[in-house]
Amino acid sequence: MARQITLFDFTLKKEQNKDESRKEEIPHANINEERRKPKEWIKEAEEGKSYFLLQVDYDGKKSKAICKLYDKETKKIYILYDNTGHKPYFLTDIDPEKVNKIPKVVRDPSFDHLETVIKIDPYSGNKIKLTKIVVKDPLAVRRMRNSVPKAYEAHIKYFNNYIYDLGLIPGLPYVVKKGKLEQLRPELKGEEVDEIRKAFADSDEMTKEAVNDWIPIFESEVPDVKRVAIDIEVYTPIKGRIPDPEKAEFPIISISLAGNDGTKRVLVLLREDVNSQITKHDVIVETFKSERELIRRFFDIILDYPIILTFNGDDFDIPYIYYRALKLNFTPEEIPFDIINDEGKYLAGIHIDLYKFFFNRAIRNYAFEGKYNEYNLDAVATALLGMSKVKLDTLISFLDLDKLIEYNSRDAEITLKLTTFNNNLVWKLIILLARISKMGLEELTRTEVSTWIKNLYYWEHRRRNWLIPLKEEILTRSSQIKTAAIIKGKRYKGAVVIDPPAGVFFNVVVLDFASLYPSIIRNWNISYETVDVENCKNKEYVRDETGEVLHYICKDKPGITAVITGLLRDFRVKVYKKKAKSQNISEEQRSVYDVVQRAMKVFINATYGVFGAENFPLYAPAVAESVTAIGRYVITTTVNYCRSIGLQVLYGDTDSMFLWNPSKEKLEEIIKFVKGKFGLDLEVDKVYKFVAFSGLKKNYLGVYPDGKTDIKGMLAKKRNTPEFIKKEFNEVKQLVTTINSPDDIPKIRDQLEYKIKEIYEKLRHKGYNLDELAFRVMLSKPLESYTKNTPQHVKAALQLRSYGVMVLPRDIIMFVKVKSKDGVKPVQLAKLSEIDVDKYIDAVRSTFEQILKAFGINWGQFTTTSIDTFFNISKK
DNA sequence: GCGGACTGCTTACCT
DNA sequence: ACAGGTAAGCAGTCCGCG
C-alpha cells in the first residue's frame with residue numbers, strides 16, 4: 001500500500017536482526033501442517049433450493065470439490081460437496097499400456113486408474129486419442145506430471161478443473177437437483193432477444209452458437225450479497241512502527257464493522273492510558289475490559305456474514321487477528337480464519353481484500369479509467385467516493401477513545417462503500433468478471449487479468465472438448481518475430497505515433513477506431529491456432545505499413561481468440577453500450593448495463609496484450625506482432641487517405657487522428673472508406689474548440705467548446721511534479737480556456753509572461769512552503785534493490801531510514817531539492833531556508849515550456865533578460 | 001579535475 | 001507478470017584536455 005510517510009513514522013534502528021527474534025515470537029510457526037479445523041463453519045446446501053454459486057474449493061479432508069453457494073433468502077452461505085465422483089487427473093499422449101509401465105505413476109499411492117479419452121486438436125480440428133491419468137488427490141498430479149513424456153492440462157488448479165468439467169459459471173444462479181447444480185436461465189423479453197439476434201446477424205456459426213450461452217452471464221440478476229467490511233486498530237508504543245502481524249505483539253484496541261445490512265459497529269478496548277470517555281456516535285459502540293473478550297465478540301458478529309471485506313486484510317488485518325487470537329490462547333478451532341500462502345482465509349465464507357482488487361492494473365485502467373493513481377484506502381476512496389479517512393495529527397495509540405472510534409469506523413465505512421457506491425457498481429463488476437472468467441471470487445479478486453483470460457480460454461477449450469496445447473507446441477508455430485521494437489529490450493514493434501506540430505489549432509476533430517486491436521483480432525481471424533500454422537488451405541498474409549509480409553493467417557476455420565473477442569466486442573458495442581445509454585429504462589438499470597460493458601472492456605482490451613506476454617500460457621508472439629502490424633497498416637492507410645482528400649492530420653496515436661477543421665462531408669467520407677476497406681468502425685471521439693500542442697508526442701492540452709479541458713502527458717499532470725507548480729499551471733490553464741479565437745492569443749501571451757514572473761519572484765522570496773515544494777516519487781522496490789544507480793527519491797529515502805523511519809516499496813517519498821551533498825532532503829528533515837531555488841526554477845521552466853511552446857513563446861525571450869529587469873524594477 | 005556527450009536507469013505518462 | 005511508445009531527469013561513464 002502506498003503510505004504517506006509522516007514525521008511520526010519512526011521505527012527502531014535495531015530492526016535489522018529481527019530474523020532470529022521472529023522465530024521465537026511465533027509459537028505456532030510449525031503447526032500449519034497438522035493444524036486441523038474440525039469445526040463445521042458452514043452448513044450443507046439443500047436439495048431443490050436455488051443458490052448463487054460464488055466459489056469452488058477443494059476440501060482436503062473429504063478429498064472432494066466443494067461449491068460455496070449463497071442463499072438470497074437466509075443470506076447465508078452453504079456448501080455442496082461434489083456428487084459426481086469427479087477426481088483430479090491429467091492427460092498424456094502415450095497408450096495406457098505404456099503408462100502402466102511407469103512405476104512413478106501407477107505405483108503412487110494416489111494413483112486411481114487410467115482411461116482413454118478423445119479430444120480435439122485445436123490446430124487440425126481432428127480427433128486425437130489420449131490417456132487420462134486419474135488420481136485421488138490434486139497433489140499427486142504435481143508428483144506425476146514429470147514422469148510422462150508429455151503431460152497435458154497438468155498445471156491447472158483442481159478446483160478450476162472441476163469448474164471446467166462441470167461447465168460451472170461462478171456468479172450465476174443454480175438449483176440443486178439430485179445433488180447436482182443446474183443452471184437457472186434468466187427470462188428475457190422477446191424484443192431483448194431480437195436485439196441480440198440482430199447484433200450477431202452477420203456472425204459466423206461458431207459465434208452464433210456461443211451467443212446463447214453468454215446471455216445468462218450478462219443478463220442474470222446480480223444478488224446484493226450480505227457482506228461486512230472490517231478494520232482493526234493496533235496499539236503501537238513505538239512511533240510509526242507498522243506492527244508485524246506474525247508477531248502480533250501489541251493489543252488490538254479497536255475493531256470496526258460496517259455491513260450492507262446497515263450494521264455500523266465499533267468494538268473498542270477500554271484503556272487506562274487515554275481518555276476513555278465515550279460520547280455519542282452514529283455507530284453502535286461496544287466496550288471491552290479485555291482484548292480476548294473483544295475478539296471473541298468480533299468472531300460472534302462476523303459469523304453472521306458470508307462475505308468479509310478488508311482493505312489490505314491479507315497482509316495485515318486478518319493475519320493480525322489470527323495470530324493475536326492464538327497468542328491470547330484461542331485454539332485454532334475457535335478462530336474462523338486461517339493464513340494460507342499469504343492470504344487471509346475466512347473459513348465461514350469468503351474474504352475479499354479490496355486493496356488487491358483496486359491495485360489490479362486492468363481494473364485501474366479499463367474499469368476506472370485511471371481515476372486514482374495511488375492505491376491506499378484514502379486515495380482510492382477520495383477518487384471514487386469523494387470521501388476520505390479521518391485525518392489525524394497524532395498516533396493511533398495516543399487517540400482518546402472518542403477519536404479512535406471515529407477514525408476506525410470511518411475506515412470500515414469507506415471500505416464497505418467501495419463496493420456499494422453507484423448502485424453496488426464494484427460488487428456487480430466483481431460478479432460480472434467472475435462470470436466472464438469463470439473464476440471464484442477469492443481467486444478473481446487476487447489475480448491479474450492474464451489469469452482471468454487464461455481461465456476464460458481454458459474453460460472454453462474444455463467446453464469444445466479441445467485439448468489445451470502445451471506452451472512449446474504453440475511456440476513451435478507462432479514464435480517467429482519479424483519486426484524490431486523501437487524501445488530497447490522490447491520484443492516487437494508496436495503502434496505508430498504521428499509527430500505533432502507545436503501550436504494552437506482551432507476546431508480539431510478527433511477520430512478514433514472503435515476498439516482497434518480487438519476489432520483487428522476479430523476481423524482478421526487472429527488466434528494462436530490461426531497464425532503461421534501448417535496445413536492451411538486458405539491463407540491471408542499480414543502486411544505492415546511498409547507492405548512487408550510478416551505472417552499469414554489461416555482462414556480455414558474461426559480462431560478461438562477471434563470468436564471470443566469478437567463476441568465480447570459485439571455484445572459490448574452493439575448491445576450493452578446502447579443499453580447503458582437507453583432512455584427507455586431506469587437509471588438503475590442503465591447503471592447495471594454500464595457495469596456489464598465495463599467488465600467486457602477489461603477482457604477485450606487486455607486480450608491483445610496477453611498474447612505478447614511471455615508468462616501467459618497461450619503466449620504467441622506472432623499473434624501480438626500481427627495485431628500491431630495490422631494496426632499500423634490500418635492507421636497509416638487511413639491517414640494517407642485523409643491527406644489525399646485534402647484534410648490536415650495534425651496528430652495521431654495508435655488508433656486516433658486529430659483533424660484540423662474538417663468538413664462534415666469529408667469526415668463521413670473517411671468513415672465510409674474505413675468501413676469499406678477494413679470493416680472497421682471509425683468514430684468521432686472528441687471535438688475540441690482548440691488544441692494546444694507542445695510539439696511533443698503524447699503531450700497536449702485540449703479545450704472543449706464549454707471550456708472543459710483534457711490534459712495529456714504534460715509535466716503539470718504528473719504526480720511527481722511539486723504541488724505549487726501544478727497549482728500555478730492550473731491558473732494558467734484557466735486563463736487559456738477563455739480563448740475563443742486566434743485574436744485572443746496575444747493578450748494571453750502577456751498574461752502568461754506576467755504569471756511566470758510572479759512565480760519567479762515568489763520562489764526567490766521563499767513564498768511557497770515545503771509541502772508545496774515537495775517532489776512526490778514512488779519507491780517501486782526495496783531500497784537495497786537500487787543497485788545500478790541511486791535516484792534522488794532513493795537518496796531521500798535512505799536519509800529517512802538512517803533517521804529511523806521505515807520505508808517500503810510503494811511508499812511515496814516526498815523530498816525537496818536543496819544545496820547539499822545529495823542535492824535532496826526528505827521534507828520531514830528539510831528547512832525552507834536551504835531550498836535550491838535554481839533547481840525549482842528549472843522545474844517551473846520545463847513544466848511551463850510545454851504550454852509556452854504552443855503559444856510560440858520562447859522561455860529565453862523574457863526570462864534571461866526581462867526577468868532580471870523585472871526584479872531590478874521591483875526592487876526599487 | 002572537470003565538463004560535455006553519451007548511455008542507462010527510473011518514473012510516469014499515452015493508447 | 002497484458003503490450004509497446006514517449007518524455008524527463010538524473011546517475012554514471014568515457015573522452016579530451018599540455
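Below, chain A is the first sequence line, B the second, and so on; all start at residue 1. Note that these values count all heavy atoms, side chains included, but never hydrogens, waters or copies made by symmetry.
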Sugar-phosphate, base or nothing in reach of G494(A), heavy atoms under 4.0 Å: sugar-phosphate
N or O in side chain of N373(A) less than 4.0 angstrom from dC13(B) OP1/OP2: yes
Listed nucleotide nearest any side-chain atom of A613(A), set dT10(B), dT15(B), dA3(C): dA3(C)
Phosphate-side-chain proximity, Y492(A) and dG5(C), N/O vs OP1/OP2 below 4.0 Å: no
dG9(C) phosphate, OP1 or OP2, under 4.0 Å from K839(A) side-chain N/O: no
Distance-only side-chain donor-acceptor flag, T483(A) / E625(A), under 3.5 Å: yes
Presence of donor-acceptor pair under 3.5 Å, side chain of Y517(A) and base of dC2(C): no
Sugar-phosphate, base or nothing in reach of D512(A), heavy atoms under 4.0 Å: nothing
Touch class at under 4.0 angstrom, heavy-atom based, for K454(A) against every strand present: nothing
Contact under 4.0 Å: K788(A) side-chain N or O vs dT10(B) OP1/OP2: no
N605(A) or K718(A), whichever maps to the more 5' nucleotide of DNA chain C: N605(A)
Distance test, side-chain N/O of H793(A) to OP1/OP2 of dT11(B), below 4.0 Å: yes
Aromatic ring pairing W452(A)/F603(A), orientation class (parallel under 30°, perpendicular over 60°, tilted between): tilted
Parallel, tilted or perpendicular: rings of H461(A) and Y458(A) (30°, 60°): perpendicular
Sugar-phosphate, base or nothing in reach of A485(A), heavy atoms under 4.0 Å: sugar-phosphate
Sugar-phosphate, base or nothing in reach of Y786(A), heavy atoms under 4.0 Å: sugar-phosphate
Side-chain N or O of K781(A) closer than 4.0 Å to phosphate OP1/OP2 of dT10(B): yes
Touch class at under 4.0 angstrom, heavy-atom based, for S656(A) against every strand present: nothing
Whole-Å distance separating the CG atom of N365(A) from the C1' atom of dA3(C): 12 Å
Touch class at under 4.0 angstrom, heavy-atom based, for I486(A) against every strand present: sugar-phosphate
Sugar-phosphate, base or nothing in reach of S846(A), heavy atoms under 4.0 Å: sugar-phosphate
Sugar-phosphate only, base, or nothing, as touched by I604(A) at under 4.0 Å among non-hydrogen atoms: nothing
Under 4.0 angstrom between T790(A) side-chain N/O and dA11(C) OP1 or OP2: no
Under-4.0 Å side-chain N/O to phosphate OP1/OP2 contact, K795(A) with dA11(C): yes
Any K697(A) side-chain N or O less than 4.0 Å from OP1/OP2 of dT6(C): yes
Residue Y700(A), side-chain atoms from C-beta onward, closest of dT15(B), dT11(B), dA11(C): dT15(B)
Sugar-phosphate, base or nothing in reach of R361(A), heavy atoms under 4.0 Å: base
Pair R364(A), Y375(A): side-chain N/O donor-acceptor within cut-off below 3.5 Å: yes
Touch class at under 4.0 angstrom, heavy-atom based, for Y366(A) against every strand present: base
Flag if over 12 foreign heavy atoms under 6.0 Å of NZ, K686(A): yes
Atom NZ of K708(A): over 12 foreign heavy atoms under 6.0 Å: no
Presence of T654(A) side-chain N/O under 4.0 Å of dT15(B) phosphate oxygens OP1/OP2: no
